[in-house]
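Everything below concerns the one structure shown next.
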Amino acid sequence: MERKRLKDIISLKKFEKIISKFENVKIGVMGDVMLDKYIWGEVRRISPEAPVPVVEVLRENCVLGGAGNVAMNIKSLDGKVLICGC
């Protein structure tokens with residue numbers, strides 16, 4: 001299946017016109033609000049007890065996931081968001 005690029009589907013001018021209307025739109029998002037945790041580190045060896053990497057953690061960060069991520073993306077486009085989830 002051929003992957004199409006955005007410019008092949010819609011013109012930039014039309015895309016900008018659609019995005020500009022987002023600030024006047026109210027969107028409800030319903031779903032699971034998750035917290036995605038990322039652990040950044042280095043692997044220097046494999047555990048002798050099981051074939052899994054032993055990671056030396058250098059840093060960690062958490063970001064919204066699931067419906068929370070969708071709501072954040074809408075807000076970044078100046079949309080008004082009402083989120084309902086657990």
Side-chain angles (χ1 to χ4, degrees):
M1 188 167 123
E2 183 183 344
R3 187 172 181 187
K4 294 187 177 184
R5 294 160 62 172
L6 183 61
K7 69 177 188 173
D8 297 332
I9 299 169
I10 189 171
S11 72
L12 180 59
K13 189 173 182 176
K14 187 167 184 171
F15 181 72
E16 288 173 341
K17 185 178 178 182
I18 292 168
I19 294 298
S20 72
K21 294 179 181 179
F22 267 52
E23 64 184 279
N24 301 320
V25 174
K26 295 178 184 173
I27 300 174
V29 177
M30 185 181 295
D32 295 328
V33 178
M34 302 176 201
L35 187 65
D36 293 341
K37 183 175 183 178
Y38 293 91
I39 299 172
W40 305 86
E42 294 180 1
V43 175
R44 296 207 171 115
R45 66 186 182 94
I46 302 296
S47 171
E49 291 86 20
V52 294
V54 177
V55 178
E56 178 186 340
V57 177
L58 301 175
R59 65 184 166 100
E60 299 179 25
N61 69 313
C62 297
V63 294
L64 282 173
N69 184 41
V70 173
M72 219 170 44
N73 289 337
I74 293 167
K75 185 67 180 165
S76 75
L77 295 170
D78 292 329
K80 294 174 180 69
V81 181
L82 174 64
I83 185 166
C84 178
C86 56

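This structure is a prediction, so every number in the text was calculated from the model and none was measured. All heavy atoms count here, side chains included; hydrogens, waters and symmetry mates do not.
Heavy atoms from other residues, nucleotides or ligands lying under 6.0 Å from CE of M30 number 12 at most.
Minimum interatomic distance between C62 and L35 (heavy atoms only, all atoms of both residues): CB-CD1, 3.8 Å. Heavy atoms only, all atoms of each residue included: V63 and Y38 are closest at CG2-CE1, 3.6 Å. The two residues A67 and I83 come nearest to each other via the heavy atoms O-CD1, 3.6 Å. Contact detail for V55 and G41: the closest heavy-atom pair is CG1-CA, 4.0 Å.
Remark: E56 pairs with R44 by the salt bridge (Lys or Arg N to Asp or Glu O under 4.0 Å) rule, at least two apart or across chains.
Two residues are said to be in side-chain contact when any heavy atoms from C-beta on lie closer than 4.5 Å; K26 and L82 fail this criterion.
Criterion: ILVMFWY side-chain heavy atoms under 4.5 Å apart, direct or through other members. Under it, M34 and V81 are not part of a common hydrophobic cluster. Note: the hydrophobic cluster containing I18 also contains L77 (ILVMFWY, side chain heavy atoms under 4.5 Å, direct or indirect links).
Pairs passing the side-chain hydrogen bond (donor to acceptor under 3.5 Å, both in side chains) check and including a residue from residues 60-86, sequence neighbours excluded, read K37-E60, W40-N61.
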